[in-house]
**Student:** 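Supplied in structure tokens, the structure appears directly below.
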Protein chains: 2
Amino acid sequence: MLKLEDMAKKIEEFKNEKEIFLEHIQKAGLRRTAQRDLILEIFLRTEEHLTSEDLYWLVQKEDPSVGHTTVYRTLKLLTEAGLAREVRFGDNKTYYEHHYNHEHHDHIICTECGKVVEFFSPEIESMQDAVAHKFGFIPTHHSLRLWGVCEDCQHKANESHPTMASGAQPRVRVKTIAGN
Amino acid sequence: MLKLEDMAKKIEEFKNEKEIFLEHIQKAGLRRTAQRDLILEIFLRTEEHLTSEDLYWLVQKEDPSVGHTTVYRTLKLLTEAGLAREVRFGDNKTYYEHHYNHEHHDHIICTECGKVVEFFSPEIESMQDAVAHKFGFIPTHHSLRLWGVCEDCQHKANESHPTMASGAQPRVRVKTIAGN
DNA sequence: CCGATTATTGAAACGGTTTTCATTAAAAGA
DNA sequence: TCTTTTAATGAAAACCGTTTCAATAATCGG
Ligand SMILES: [Mn+2]
Ligand SMILES: [Mn+2]
Ligand SMILES: [Zn+2]
Ligand SMILES: [Zn+2]
């Protein structure tokens, strides 16, 4: 696929997400504002897992008058609208990721280096629903996180002794093939 | 089983947990203190999901000189020792529950009333391990939480219209039969 | 038992998230 | 357009969880 076509496709997607946002705004009796438009725009450009603070600084570059609180609230709003999803990896920060047009997935996190791998297991998903129903619940959502030592870190442990253990390593987002 | 026998069994269990704690303390080159003994004692008496703050107030009644921080740190220590486990239910609080002599379990949380049901699914557990290995990880631990609407709240929704939605309802711990 | 060493303690500071509140501005109607 | 209504905004405070740091106390060697 050509790069131009990629970009065109992205623009199409963004339009859809913006429409969904406006629809949600209307249904909930909320108001469209310049801040919300800008925050959504910048959120859509960024495919990474990012925190409210991360997004705040990106927004800041384009409009320094926007406050932390508005970014925070808009991310909540996007989550309600189904465009974003909150995820936590155990470092006491809340990250947001795209939800619309992105397959649902769960995460495996390396306890040594913080690497995050995304996966999807239809089998686990359906068993979760079965368990919920078994206890009389109508399931709405779930959170599944696995922790372990990644392949790289297993090798590192064998080589050198001064293991870096758990410092403030950056979290890496690794694209993976879905399925189990 | 007689009540006396129950109590005797509990006391036995406590003794085991105290021994495990002391062993962990020794192995890690830590020190036994009056505060840690008291905090463990009171933690063991309480079967509920409780926060560091909750436990702090219980401790406070017996020794007002103990600080928040020590309770917080001792709970972390108990978690390391395998006696406690951290759990979160989405209300931005960290709860602790007994781990030793308590089967591992995950939680279903009602989005309407906050009720928490404990369950265990060996099938899901083994699939989690399979997924981890598939991506080259050696699994260490996991967190699985399901959310949904409980049976009671499904009925409530049908009866009266002014649904209480999500206020600050107390979390109820419901004992359940393990298995899937 | 005493002194040296070093883990532990509690207060206070810190960091990220969430709420509060006075002000601003979007939306709807006259 | 002008007015009225009421949601949205941003600063600051509140809230939990975690870290820092100086003072304290458990452990060990002599
Ligand atoms: Mn993800
Ligand atoms: Mn539990
Ligand atoms: Zn790793
Ligand atoms: Zn319920």
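Quick note: numbers below take in every heavy atom, side chains included, and nothing from hydrogens, waters or symmetry partners. Every chain is numbered from 1, with letters handed out A, B, ... down the list of sequences.
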**Student:** Considering just the side-chain nitrogens and oxygens of Lys76(A), establish if one lies under 4.0 Å of OP1 or OP2 belonging to dT18(C).
**Tutor:** yes
**Student:** Are Glu151(B) and Phe135(A) packed together at the side-chain level, in the sense that at least one heavy-atom pair is separated by less than 4.5 angstrom?
**Tutor:** no
**Student:** What is the distance, to the nearest angstrom, from the NE2 atom on His24(B) to the P atom on dT8(C)?
**Tutor:** 10 Å
**Student:** Figure out the CD/C1' separation between Glu53(B) and dC15(D), and round it to whole Å.
**Tutor:** 10 Å
**Student:** Indicate whether any N or O donor in one side chain lies under 3.5 Å from an N or O acceptor in the other, for His102(B) and Glu47(B).
**Tutor:** yes
**Student:** Would you mind telling me which of dG10(D), dG17(D), dG10(C) lies closest to the side-chain atoms of Asn92(A)?
**Tutor:** dG17(D)
**Student:** Between atom OH in Tyr56(A) and atom C1' in dG16(C), what is the gap in whole Å?
**Tutor:** 14 Å
**Student:** Can a donor-acceptor pair be found, under 3.5 Å and without considering hydrogens, that links the side chain of Ser143(A) to the backbone of Arg145(B)?
**Tutor:** no
**Student:** Backbone N or O of Thr51(A) within a donor-acceptor pair of the Asp54(A) side chain at under 3.5 Å?
**Tutor:** yes
**Student:** Got a sec? Which of residues 66-75 of chain B come in under 4.0 Å of DNA chain C, heavy atoms?
**Tutor:** Val66(B), Gly67(B), Thr69(B), Thr70(B), Arg73(B)
**Student:** Separation of Asp91(B) atom CG from dC15(D) atom P, in whole Å?
**Tutor:** 15 Å
**Student:** Round to a whole Å and report the spacing from CD of Gln26(A) to P of dA7(D).
**Tutor:** 16 Å
**Student:** Just by distance, do the side chain of His133(A) and the backbone of Asp129(A) share a donor-acceptor pair under 3.5 Å?
**Tutor:** yes
**Student:** Out of Glu125(A), Glu118(A), His99(A), which one pairs with His104(A) under the side chain to side chain donor-acceptor pair (under 3.5 Å) rule?
**Tutor:** Glu125(A)
**Student:** Check step by step if salt bridge (Lys or Arg N to Asp or Glu O under 4.0 Å) holds for Lys76(B) and Glu80(B).
**Tutor:** CA-CA 6 Å; Lys76(B) 292 285 183 192; Glu80(B) 282 170 31; over 6 Å; no
**Student:** Just the rounded figure in Å: distance from C1' of dA7(D) to CG of Leu77(A).
**Tutor:** 12 Å
**Student:** dA25(D) P sits how many Å from Asp37(B) CG, rounded?
**Tutor:** 16 Å
**Student:** Remember a base hit wins even if backbone is also touched, and classify Ser65(A) as base, sugar-phosphate or nothing at under 4.0 Å, heavy atoms.
**Tutor:** sugar-phosphate
**Student:** Provide, to the nearest angstrom, the distance between the CG atom belonging to Leu38(B) and the P atom belonging to dA26(D).
**Tutor:** 14 Å
**Student:** Within the sub-3.5 Å range, which N or O atoms of nucleotides 27-30 of chain C have a protein N or O partner, and how far apart are they?
**Tutor:**
residue	atom	partner	partner atom	Å
dA27(C)	OP1	Arg32(A)	N	3.1

**Student:** Check the phosphate of dA26(D) against Gln35(B), side-chain N and O only, distance under 4.0 Å to OP1 or OP2. Yes or no?
**Tutor:** no
**Student:** Over all strands shown, is Ser52(B) touching base, sugar-phosphate only, or nothing at heavy-atom distances under 4.0 angstrom?
**Tutor:** nothing
**Student:** Kindly indicate, with the supporting measurements, whether the criterion side chain to side chain contact (heavy atoms under 4.5 Å, CB included) is fulfilled by Asp106(A) and Phe119(A).
**Tutor:** CA-CA 5 Å; Asp106(A) 298 302; Phe119(A) 72 91; 3.7 Å; yes
**Student:** For residues His49(B) and His98(B), establish whether the separation of their ring centroids is below 6.0 Å.
**Tutor:** no
